[in-house]
Amino acid sequence: MKPAAFAYHAPASVAEAVALLGALAAEDGRILAGGQSLVPTMAFRLAKPAHLIDINGIAALEKLAVEDGHLSIGACARHAAFHRPVVAGPLGALLTTVVRHIAHYPIRLRGTFCGSLAHADPASEWCLVAATLGAEMTAMSTRGARTIAAADFFAGIMSTELAEDELLAAARLPLLSNDTRFGFCEFSRRAGDYAIAMTLATLRIEGGTIVDPRVGVGGAEASPRRIAQAEAALAGRPPDAAVLRAAADAAADAIEPLEDIQADAAYRRDLVRAMTYRALERACA
Ligand SMILES: Cc1cc2nc3c(=O)[nH]c(=O)nc-3n(C[C@H](O)[C@H](O)[C@H](O)COP(=O)(O)OP(=O)(O)OC[C@H]3O[C@@H](n4cnc5c(N)ncnc54)[C@H](O)[C@@H]3O)c2cc1C
């Protein structure tokens with residue numbers, strides 16, 4: 001099928017994009033970023049936006065910069081930008097590890113980090129990164145700019161706290177200290193498919209014990225989130241197999257698994273247990 005008719009707008013600045021979105025959101029105006037999720041849904045006529053506001057011509061939104069201890073990722077930064085470390089230290093390595101699991105190479109050349117966050121697929125790797133690391137989102141509208149914490153941003157399957165007239169102008173990820181270790185593990189049926197379950201863990205090891213653990217689970221629930229019970233099972237304990245196993249069990253017990261054609265609840269719970277154990281094993285190796 002071909003998309004339903006729509007009007008195409010190509011703003012040259014953030015101010016112009018925000019003004020267009022403010023004027024057209026109520027008439028089903030939508031941002032077009034990489035188009036890797038929006039265009040297929042338009043082709044199937046699952047989405048029929050009346051106006052597309054294409055932000056790809058706005059050079060300011062391509063920004064990838066370190067500012068105030070954060071990596072700032074502009075709305076037009078593509079997945080492929082992370083094929084190589086964009087910042088020294090563990091954060092750059094973490095993003096390089098995760099990006100290889102997102103779709104396929106051609107899709108990564110066009111799709112954007114912020115587009116993934118705005119689209120909020122439960123199985124999006126970048127949404128898991130944002131939730132686990134505590135990203136800050138910069139939303140802009142004709143009313144001004146506001147910051148939304150990752151913990152408040154994701155609001156269920158393909159749903160966020162962005163208002164319909166807000167542009168997600170950038171996401172900010174905190175830099176990780178050089179002694180931060182990370183582990184990521186994802187299960188999908190084929191390489192490039194969306195995750196059925198995945199875990200991202202970060203932690204430090206000081207004096208033989210685990211410090212500042214973060215355990216995020218994605219693909220298994222309506223939104224990715226940190227699992228406090230798993231983190232509590234790790235903090236202050238040695239990084240041995242029994243401790244990692246207890247944290248993996250805690251993560252599996254804590255989730256309310258999605259059920260779909262890919263996996264029932266029991267299978268997803270088991271996958272979360274396995275992904276969490278392996279992610280922690282990698283972080284502690
Ligand atoms: C075959 C295939 C496999 C895929 N596999 C994966 C995968 O494994 N993991 C994964 O995470 N993704 C996957 N994707 C999706 C891909 O990563 C998309 O790039 C991503 O979901 C959306 O980014 P985009 O820039 O293409 O956004 P678009 O498709 O342009 O937009 C998506 C939605 O977000 C809105 N939007 C986009 N940017 C903004 C913004 N800055 N502010 C406000 N609203 C905005 C749009 O209006 C639209 O509603 C896959 C896609 C395909 C086609």
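It should be emphasised that the depicted structure is a prediction, and the values quoted were computed from it without experimental measurement. Counting starts at 1 for both ligands and their atoms, in listed order.
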*Asks:* I need the atoms of ligand 1 closer than 4.0 Å to a non-hydrogen atom of Q36, numbered in the order shown.
*Replies:* 18 (C), 19 (O), 26 (O), 29 (O), 51 (C), 53 (C)
*Asks:* With hydrophobic residues grouped by side-chain heavy-atom distances under 4.5 Å, do I73 and V66 end up in a single group?
*Replies:* yes
*Asks:* When only distance counts, is I31 in polar contact with ligand 1, meaning an N/O pair under 3.5 Å?
*Replies:*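 So ligand 1 has an N or O lying under 3.5 Å from an N or O of I31.
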*Asks:* Are any of the N/O atoms on A169, whether in the backbone or the side chain, positioned under 3.5 angstrom from an N/O atom of ligand 1?
*Replies:*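 No.
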*Asks:* Assess whether atom CZ of R172 is packed by more than 12 heavy atoms of other residues, nucleotides or ligands within 6.0 Å.
*Replies:*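 It does: R172 CZ has more than 12 such atoms within range.
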*Asks:* Going by heavy atoms, is R108 under 4.0 Å from ligand 1?
*Replies:*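 No, that is not the case, since the closest heavy atom of the residue is not under 4.0 Å from the ligand.
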*Asks:* If the test is side-chain hydrogen bond (donor to acceptor under 3.5 Å, both in side chains), which one of R108, R78, R100 qualifies with H83?
*Replies:*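 In the set R108, R78, R100, the residue that makes a side-chain hydrogen bond (donor to acceptor under 3.5 Å, both in side chains) with H83 is R108.
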*Asks:* Note the single closest protein heavy atom to atom 11 (O) of ligand 1, along with its residue, its atom name and the distance in Å.
*Replies:*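 For atom 11 (O) of ligand 1, the nearest protein heavy atom comes out as E125 OE1, 3.2 Å.
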*Asks:* So for ligand 1, is H79 a polar contact partner (N or O within less than 3.5 Å, distance only)?
*Replies:* yes
*Asks:* When you compare ligand 1 with R110, is there at least one nitrogen or oxygen pair between them that comes in under 3.5 angstrom?
*Replies:* no
*Asks:* Among all the protein's non-hydrogen atoms, which is closest to atom 35 (C) of ligand 1, and how far away is it?
*Replies:* A118 CB, 4.0 Å
*Asks:* Within a 6.0 Å radius of atom CZ on R189, are there more than 12 heavy atoms belonging to other residues, nucleotides or ligands?
*Replies:* yes
*Asks:* Run the numbers for me: atoms of ligand 1, each under 4.0 Å from some heavy atom of A75, listed by number.
*Replies:* 41 (N)
*Asks:* For R146, which residues count as a side chain to side chain donor-acceptor pair (under 3.5 Å) partner, sequence neighbours excluded?
*Replies:*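 R146 satisfies side chain to side chain donor-acceptor pair (under 3.5 Å) with E166 only.
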*Asks:* Should L162 be counted as touching ligand 1, given the test is an N or O pair under 3.5 Å?
*Replies:* no
*Asks:* So, regarding E166 and ligand 1 (criterion: nitrogen or oxygen to nitrogen or oxygen, under 3.5 Å), is there a contact or not?
*Replies:* no
*Asks:* Counting heavy atoms only, which part of H104 comes closer than 4.0 Å to ligand 1: side chain, backbone, both or neither?
*Replies:* neither
*Asks:* Please say whether I55 places an N or O atom under 3.5 Å from an N or O atom belonging to ligand 1.
*Replies:*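 Between I55 and ligand 1 (N or O atoms, distance only) the closest approach is not under 3.5 Å.
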*Asks:* Could you grab the distance from atom CZ of F153 to atom CG of L168, nearest 0.5 Å is fine?
*Replies:*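 These two atoms lie 5.0 Å from each other.
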*Asks:* Which residue from L168, V129, T138, I102 reaches closest to atom 41 (N) of ligand 1 through any of its heavy atoms?
*Replies:* L168
*Asks:* Does anything in residues 223-233 pair up under side-chain hydrogen bond (donor to acceptor under 3.5 Å, both in side chains), and if so which pairs, sequence neighbours excluded?
*Replies:* E221-R225, R226-E231
*Asks:* Which of the atoms of ligand 1 are close to R30, meaning less than 4.0 Å from one of its heavy atoms?
*Replies:* 47 (O), 49 (O)
*Asks:* Quick check on contacts: which atoms of ligand 1 are under 4.0 angstrom from a heavy atom of H119?
*Replies:* 21 (O), 32 (C), 33 (C), 34 (O)
*Asks:* What do we get for S37 next to ligand 1 when only non-hydrogen atoms under 4.0 Å count, side chain, backbone, both or neither?
*Replies:* both
*Asks:* Just one of F82, F184, W126 clears the ring pair (Phe, Tyr, Trp, His ring centres under 6.0 Å) bar with H101, so which one?
*Replies:*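 For H101, the ring pair (Phe, Tyr, Trp, His ring centres under 6.0 Å) check succeeds only for F184.
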*Asks:* Quick test of your reading of the structure: of G115, A171, S124, whose heavy atom lies closest to atom 23 (O) of ligand 1?
*Replies:*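 It is G115 whose heavy atom sits nearest to atom 23 (O) of ligand 1.
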*Asks:* Evaluate the criterion ring-ring contact (aromatic ring centres under 6.0 Å, His included) for residue pair Y8 and H51; output intermediate values, then yes/no.
*Replies:* CA-CA 6 Å; Y8 176 78; H51 298 269; over 10 Å; no
*Asks:* Treating Ile, Leu, Val, Met, Phe, Trp and Tyr as nodes and any side-chain heavy-atom pair under 4.5 angstrom as an edge, say whether L117 and L167 lie in one connected cluster.
*Replies:*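 Shared cluster, no.
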*Asks:* Can you confirm whether more than 12 heavy atoms, excluding those of E67, are under 6.0 Å from its CD atom?
*Replies:* yes
*Asks:* What about V39: any of its N or O atoms under 3.5 Å from an N or O on ligand 1?
*Replies:* no
*Asks:* Given that the side chain starts at C-beta and the backbone is N, CA, C, O, which of these parts of D193 lies under 4.0 Å from ligand 1, counting heavy atoms, or is it both or neither?
*Replies:* backbone
*Asks:* Could you tell me if the side chain of L175 sits less than 4.5 Å from the side chain of H70, heavy atoms only?
*Replies:* no
*Asks:* Do any heavy atoms of Y194 fall under 4.0 Å from ligand 1?
*Replies:*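 Checking ligand 1 against Y194, which is what was asked, there is a heavy-atom contact under 4.0 Å.
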*Asks:* Counting only heavy atoms closer than 4.0 Å, does ligand 1 sit against the backbone of I107, its side chain, both, or neither?
*Replies:*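 The answer is the side chain.
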*Asks:* Is any N or O atom of A123, backbone or side chain, closer than 3.5 Å to an N or O atom of ligand 1?
*Replies:* no
